Visitor: 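After the structure tokens below, expect a handful of questions from me.
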2 protein chains.
Amino acid sequence: MTSHSVLHMSMSLDGYVAVPDDGPGMGLGVDGGVLHDWLGPSTAERPWFDPPGVSGQVFAELMTTGAVVVGRKTFEYAGQWDGDHHGVPIFVATRDAAVHDVRPPYVHVVDDDLATLKAWAKEAAGDADVLVHGADLARACLEAGVLDDLELAVVPVLLGGGRRLVDALGTRVALEQTRVLVAPAVTHLRYRVVR
Amino acid sequence: MTSHSVLHMSMSLDGYVAVPDDGPGMGLGVDGGVLHDWLGPSTAERPWFDPPGVSGQVFAELMTTGAVVVGRKTFEYAGQWDGDHHGVPIFVATRDAAVHDVRPPYVHVVDDDLATLKAWAKEAAGDADVLVHGADLARACLEAGVLDDLELAVVPVLLGGGRRLVDALGTRVALEQTRVLVAPAVTHLRYRVVR
């Protein structure tokens with residue numbers, strides 16, 4: 001089995017992954033929770049969510065990735081996941097050398113180029129996939145040609161504003177539609193990046 | 001059967017319905033044809049396209065609508081369809097009173113408000129649905145609360161720029177996901193606007 005780098009994102013039909021007022025500890029923005037309705041209620045136990053049916057399958061895939069690569073902003077907005085995202089190494093990509101609050105044992109702050117970062121994350125993940133987290137990082141990975149797959153939960157709402165998945169990428173990226181899973185109030189679209 | 005107003009659109013995964021250089025006679029923009037790949041080759045005969053499988057079903061639904069409502073710009077970009085879009089009344093919405101080149105018998109240029117326009121189109125369509133055509137008109141119809149359904153062909157490509165389906169709508173619109181049809185290189189998502 002070949003390890004892939006996979007972006008998991010929930011997206012509104014008009015292409016937003018967060019409402020305008022997203023910020024630290026509020027990654028989807030105030031009143032942006034509709035994007036995660038498909039996950040159902042969260043719990044303090046792991047796994048955090050237990051969505052039914054095919055949504056559960058997609059969430060289980062996310063939770064069996066072998067490493068997480070995340071942008072600095074998303075990492076902070078998510079409250080640093082209290083230092084632990086399903087017990088796998090977390091690589092926080094940043095250009096800010098003044099980052100100090102690393103949380104052992106999982107969190108590694110790295111300023112390498114994305115190709116090197118991907119190689120590190122894949123080595124850490126072994127045969128498992130690498131979870132790519134955050135819109136800015138996704139864009140950077142697409143531009144650097146190091147994103148393998150996109151797994152998007154398309155949510156039935158027009159948000160009308162906010163942070164876009166990839167805004168004006170500036171280059172065309174061909175995709176192969178590799179899987180579609182349909183749940184009552186969300187559609188899970190999976191694509192492979194064609195290079 | 002209740003007649004609905006239905007927006008049919010092909011959209012890239014990053015939410016574009018045309019590449020940046022769209023213009024008269026080139027509605028998708030130069031090199032924007034990838035958005036219509038799912039339709040297959042066009043012919044001079046009616047119907048213009050004959051896509052296989054579920055894509056054929058969706059196209060047949062478009063071609064059995066009973067009236068077309070279209071914005072002025074889209075109408076021009078589409079070459080006015082040579083005055084005939086599958087033999088049904090065409091209502092061209094415009095605020096420009098200087099429009100002269102109406103083509104009988106199908107094309108009606110109207111400057112009424114959208115609610116009145118919708119009522120006219122539904123009366124013309126009878127039991128059939130009304131086809132809503134064009135991103136600007138779709139946005140106006142959403143804002144005016146007169147769009148009933150969206151039928152989107154999500155195409156496996158990131159275009160990286162162009163004209164968006166609805167850009168910064170400024171209001172949230174709740175949708176009900178009513179149908180998902182999967183073809184090899186396109187996914188057809190259908191939604192009902194929830195008011």
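Labels below follow one simple rule: chain letters A, B, ... track the order of the sequence lines, proteins then strands, and each chain is numbered from 1. Computed from a prediction, not measured in an experiment: that's the story for all the values here.
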Visitor: Give, as side chain, backbone, both or neither, the part of Val166(A) having an atom under 4.5 angstrom from any heavy atom of chain B.
Guide: both
Visitor: Name the member of Val180(B), Leu169(B), Leu175(B) that forms the most heavy-atom pairs with chain A at distances under 4.5 Å.
Guide: Leu175(B)
Visitor: Mind checking which of residues 157-164 of chain A sit less than 4.5 Å from chain B, heavy atom to heavy atom?
Guide: Val157(A), Leu158(A), Leu159(A), Gly160(A), Arg164(A)
Visitor: With chain B as the partner, which of Leu142(A), Val186(A), Val194(A) has the greatest number of non-hydrogen pairs under 4.5 Å?
Guide: Val186(A)
Visitor: With the 4.5 Å side-chain cut-off for hydrophobic clustering, are Tyr16(A) and Leu152(A) part of the same group?
Guide: no
Visitor: Only pairs under 3.5 Å count here: list side-chain donor-acceptor contacts from residues 119-126 of chain B, not counting sequence neighbours, and write none if there are none.
Guide:
residue: Lys122(B); atom: NZ; partner: Ser3(B); partner atom: O; Å: 3.0
residue: Lys122(B); atom: NZ; partner: Asp148(B); partner atom: OD2; Å: 2.9

Visitor: What about Tyr106(A) and Leu137(A), same hydrophobic cluster or not, with Ile/Leu/Val/Met/Phe/Trp/Tyr joined at side-chain heavy-atom distances under 4.5 Å?
Guide: no
Visitor: Atom CG of residue position Asp167(B) - does it have more than 12 heavy atoms of other residues, nucleotides or ligands inside 6.0 Å?
Guide: yes
Visitor: Taking side chain as everything from C-beta outward and backbone as N, CA, C, O, which of these in Val34(B) sits under 4.5 Å from a heavy atom of chain A? Side chain, backbone, both or neither.
Guide: side chain
Visitor: Does Val68(B) belong to the same Ile/Leu/Val/Met/Phe/Trp/Tyr cluster as Val146(B), with side-chain heavy atoms less than 4.5 Å apart forming each link?
Guide: no
Visitor: Is Leu62(A) reachable from Trp38(A) through a run of I, L, V, M, F, W or Y residues, each pair having side-chain heavy atoms under 4.5 Å apart?
Guide: yes
Visitor: Run through Val182(A), Val154(A), Leu189(A) and flag the one making a side-chain contact (heavy atoms from CB on, under 4.5 Å) with Thr187(B).
Guide: Leu189(A)
Visitor: Can you name the closest pair of heavy atoms from Gln177(A) and Ala185(B) and give their distance?
Guide: OE1-C, 4.0 Å
